[in-house]
Amino acid sequence: MRRAAPVRVAHASAAGVFAALVALAALAVAAAALARAAAPPTGFPGEEAGATVEVLVLTRFHPRAATLDGPRALRLAADGVALRVDGHAVAAPLTLERARWTITLPDGTVRGYDAALRVGAAAGELRIVAAMEREDYVARAVAAETLPGTPPAALEAQAIVTRSFALAPGARHREAPLCDLAHCQAHTPVADAAHAEAARQAAEATRERVLRLPTGAVARAVFHACCGGGTADPSEVFGGGDETGARAASDPSCEADAWSVTLPVAEVEAAVGTALGAAGPVPIGRLLLERDPHGRVLRLLDTATARWVAGDALARALDRTQDWSVVKSARFDWRAAGATVRIEGRGHGHGVGLCQRGAARRARRGAGAAEILRHYFAARPGSATFRASRTPAPGGSAAPPRSAPAPTE
Ligand SMILES: [Zn+2]
Ligand SMILES: [Zn+2]
C-alpha cells in the first residue's frame, strides 16, 4: 500500500474547505486501509498493547460463597446457576470494574487481584474470572511455575513461553481462555518475595516478547520440569498439527534425573485397561511399548486388539493409581517379575518445549533467554503487539509487517 499524497488547503473559500474535507475523508479511508494492511490476516485476541488476560480463578476450592473487598464490599453466593449478592438474586454474570479486589473464601483462603472481575455460578459453585493486565499475569505465572534460585535468563525464557501460551489462540475453559492451575499455567501466589520479584523482573525484561509460528500466530508454547535427556517431538506427544512451536532437542545433562517404582502387576494391568478403554485389565504380556529415539514411550499397543494409547496418557494413568508424582514422565521402561512390575524412568513432565532443568543449566553457563529458546523451539521470538496499535512512525508510514522477525536478543 502506497502512502496517500499530502493534502494542502490553499484557499479558505467554501468550495476549498469542502474539497479539503473530501480530501481529508479520503485520507482517513487510506489511513484505515493502511492500518488494516499492517494488521495480521486473522485476529489474534489479547495481543493489543495493554491487553488483559482472562483467568478462571479459585476453581480448585469449588467455592459456593465468597466475600469481596475492593471499591465496595460484597457477599457472593452460588445457588445452582443463580448468583446471589448480599442475599439478593442478581443477573449473572456480575461484572465488577477493574480495581484491587480481595476475595476471601469461607475456608479462610485469601487472594488479591488487580483485575476486573466477572462472576457467574454453575452447579452451585462460583465461577470467578479475573481480567488482569497481561504482564502482571506473566509475572505471577512465572513465579508459580519455577523454582526459587532459577537464574534470570532461564526465568526470562520461561516468561516468553508463559506469555506465548497465554496469548495463543483458543480457549481451554468455557468461562475464560485460562485457569489458574497447572492444567493451564499455575497462577497461585508464592511465599518467597525475592522469587516473586525475580519473576517480575523477567516479565519486565521480556515485555511483549512471544514465540511465533511460521504462520505468524503466537505459539502455544509449553514447558516441563526435566526432559530426562532429550525433549520430545510435539506432534508425536500431542498428535495433530503442532501449535507449540517446540522441537525435539537433546539435553544430555538431564539424564541424571532418574526415578523408579515397583507396582503390583494387577494395578498396572487395571490402569492400562482403563487407559486403553478396554472392558477390564489387560495382561501385560500382550502390551508393546513404542518409543522415540530418546527412549520416551510414544504409545502403548495392545497387540491382541490393536488398541493403543499415547505414552503421555499412559504415564498419567499409571501415576493416577499412585496419587501422582511416582510415574513422572513417559520416558520409562518396565519389567514384569512375578506379581510386580518394576518401572524405571527419567525426567519429569511431558517432555515437550522448554526443559526447565536444562534452561537453568544453560543460563548458569552464560546463555541468554533467546539462546535457550532457540535450543528448545523452532518457533522464533517476535513482538506480542500489533504494529498497527503502536504510535505511527513520523510521516505516517506503515509499520513493517508483524511477521518480520524481531531481534532475538
Ligand atoms: Zn485450565
Ligand atoms: Zn532437559
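Start at 1 and go down the list; that is how both ligands and their atoms are numbered. Computation of the quantities below employed the complete heavy-atom set of this structure, encompassing side-chain atoms and omitting hydrogens, waters and symmetry-equivalent molecules.
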Mind reading off the angle at the Zn ion (ligand 1) between the NE2 atom of H173 and the SG atom of C184, rounded to 10°?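 About 110°, to the nearest ten degrees.
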Taking the Zn ion (ligand 1) as the vertex, how big is the angle to SG in C179 and ND1 in H183, rounded to 10°? 120°
Out of the N/O/S atoms in D251, what is the name of the one closest to the Zn ion (ligand 2)? OD2
Is the ring pair H187/Y113 parallel, tilted or perpendicular, if the boundaries are 30 and 60 degrees? parallel
Does the distance from a Lys or Arg side-chain N to an Asp or Glu carboxylate O, for R207 and E133, drop under 4.0 Å? yes
Which of these passes salt bridge (charged side-chain N to carboxylate O under 4.0 Å, His left out) with D251: R331, R362, R357, R346?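 Result: among R331, R362, R357, R346, R362 is the only option passing the salt bridge (charged side-chain N to carboxylate O under 4.0 Å, His left out) with D251.
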Measure the spacing between CZ of R286 and CD1 of I284 and express it to the nearest 0.5 Å.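 Spacing of CZ (R286) from CD1 (I284) equals 12.0 Å.
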Residue C227, metal the Zn ion (ligand 2), N/O/S under 2.8 Å: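 So C227 does bind the Zn ion (ligand 2) by this criterion.
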